[in-house]
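Computed from a predicted model, the values in this text were never measured in an experiment. Reminder, nothing fancy here: chain letters follow the sequence lines and each chain counts from 1.
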Number of protein chains: 2
Amino acid sequence: MPTPHYGQPRYRAIADELRRRIEGGTIPPGALLPTESALTSEFKASRGTVRQAIALLREADVVATEHGRGTYVKTRRNEHESNREAQPETRHRQIPANPELAALFAVDVGTALVEQQSVTRIDGAVGIVVRTYRLLRTR
Amino acid sequence: MPTPHYGQPRYRAIADELRRRIEGGTIPPGALLPTESALTSEFKASRGTVRQAIALLREADVVATEHGRGTYVKTRRNEHESNREAQPETRHRQIPANPELAALFAVDVGTALVEQQSVTRIDGAVGIVVRTYRLLRTR
DNA sequence: AGAAATTTGTCCGTATGTATC
DNA sequence: AGATACATACGGACAAATTTC
């Protein structure tokens, strides 16, 4: 038997109710929504219906869902600064061999070496600096 | 940030990134990987996820883990017999930051840095020298 | 030698994503 | 619609091995 819905589907009614609670301050920004199973029992709806409701809020950018954590109320401020996955900055330069490197490469001090530097940042701060040295002229 | 795993779960992406660093020489054979907690903060993932990523590399025989010690990059076994590259000699030492490195890490000159040097020989001659710099104390 | 700090090993509980029946 | 199972993911807690002071 199909579920009768007066005017609007069940998932939308649930979404509206949740939105009222969010905008009314019952569920403040940054807070977790009740879990899906909690909403399921509260609204006496299936989990799929509850998820449909949450999907509406997510599309409206009212909440954000994190896998394994739950669904958060987004803060109104939405600068969206996700600068993750910073690629390392690399740079080449040619340097004369100092005594230590010259001894390693078995060349005269001052011999041209190629230094390649890679800087990996973590949250903006420098985490790892890698320097690779090669002889400019290969044997 | 929503964390759906479209196609690729998080732990596999982390494993891929670490493998890139290993094969790219950023983390040379014999060197220790960053600790699990360091990787946790770098990738903003839980420790369990980081451990899953490392487990992948361990299964692929790329690294080996020792209890209480850390995870090492395994020295690659001869994939070819004519490969005359010997295993790189690695070495750790603690050095004070010179002005250039101090500026990079945004610390005072003289701050303790860990320098890890890996020397790869080709036919007995030094071919590549890789130096990795990290802050002694993080977090 | 001993204590503290570090780092990995293991287990628990909770929650979402996906797939199947 | 509902139920179940499994994979993914987070967080906390404690134990065990190792390193550092």
K.L.:
Answer with yes or no whether the side chains of A/R58 and A/T65 bring together a donor and an acceptor at under 3.5 Å.
P.N.:
yes
K.L.:
Check if the side chain of B/R47 and the base of C/dG9 share a donor-acceptor pair of N or O atoms closer than 3.5 Å.
P.N.:
yes
K.L.:
Contact class for B/G70 (heavy atom, under 4.0 Å): base, sugar-phosphate, or nothing?
P.N.:
sugar-phosphate
K.L.:
Just the rounded figure in Å: distance from P of C/dT8 to CD1 of B/I54.
P.N.:
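My rounded result for the distance is 7 Å.
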K.L.:
Can you measure A/L33 atom CG to C/dT14 atom C1' for me and round it to whole angstrom units?
P.N.:
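Spelled out: CG on A/L33 to C1' on C/dT14 is 16 Å.
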K.L.:
Starting at atom CG of A/L39, determine the distance to atom P of C/dA15, rounded to an integer number of angstrom.
P.N.:
11 Å
K.L.:
Determine: side-chain N/O of B/S37 to OP1/OP2 of C/dT6, distance under 4.0 Å, yes or no.
P.N.:
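False: B/S37 side-chain N/O out of range (4.0 Å or more) of C/dT6 OP1/OP2.
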K.L.:
Whole-Å distance between C/dT6 P and B/L32 CG?
P.N.:
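That distance rounds to 16 Å.
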K.L.:
May I have the distance from B/Q52 (atom CD) to C/dT10 (atom C1'), rounded to whole angstrom?
P.N.:
14 Å
K.L.:
Grab the OH-P distance between A/Y72 and D/dC10 for me, whole Å please.
P.N.:
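Atom OH in A/Y72 sits about 11 Å away from atom P in D/dC10.
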K.L.:
Measure from CZ on B/R69 to C1' on C/dT7 and round the result to the nearest Å.
P.N.:
10 Å
K.L.:
Does D/dT8 have its OP1 or OP2 closer than 4.0 Å to a side-chain nitrogen or oxygen of B/T49?
P.N.:
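So the side chain of B/T49 is outside the cut-off, no N or O lying under 4.0 Å from OP1 or OP2 of D/dT8.
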K.L.:
Would you please name every residue forming a side chain to side chain contact (heavy atoms under 4.5 Å, CB included) with A/Y72, sequence neighbours left out?
P.N.:
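A/L32, A/E66, A/R69.
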K.L.:
Quick one: do B/R134 and B/E42 make a salt bridge, cutoff under 4.0 Å?
P.N.:
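A salt bridge is absent here (no side-chain N lies under 4.0 Å from a carboxylate O).
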K.L.:
Compare the minimum distances between each of C/dT8, C/dT16, D/dC10 and the side chain of A/E36, then state the nucleotide with the smallest one.
P.N.:
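It is C/dT16.
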K.L.:
Just N and O in the side chain of B/Y11: are any of them under 4.0 Å from OP1 or OP2 of D/dA9?
P.N.:
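The answer is no; no side-chain N or O of B/Y11 sits under 4.0 Å from OP1 or OP2.
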K.L.:
Taking salt bridge (charged side-chain N to carboxylate O under 4.0 Å, His left out) as the test, write out the residues that go with A/R51, two or more places apart.
P.N.:
A/E36
K.L.:
Verify the contact: side-chain N or O of B/R51 to OP1 or OP2 of C/dG9, cut-off strictly under 4.0 Å; return yes or no.
P.N.:
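Yes, within the criterion.
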K.L.:
Nearest whole angstrom, please: distance from the C1' of C/dA15 to the CD of A/E66.
P.N.:
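Nearest whole value for this atom pair: 12 Å.
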K.L.:
From C/dG9, D/dT8, C/dA15, pick the nucleotide closest to the side chain of A/T35?
P.N.:
C/dA15
K.L.:
Measure the shortest side-chain to side-chain distance between B/L113 and A/V129 over non-hydrogen atoms and say whether it is less than 4.5 angstrom.
P.N.:
no
K.L.:
According to a strict under-4.0 Å criterion, is B/S46 in side-chain N/O contact with OP1 or OP2 of D/dG11?
P.N.:
no
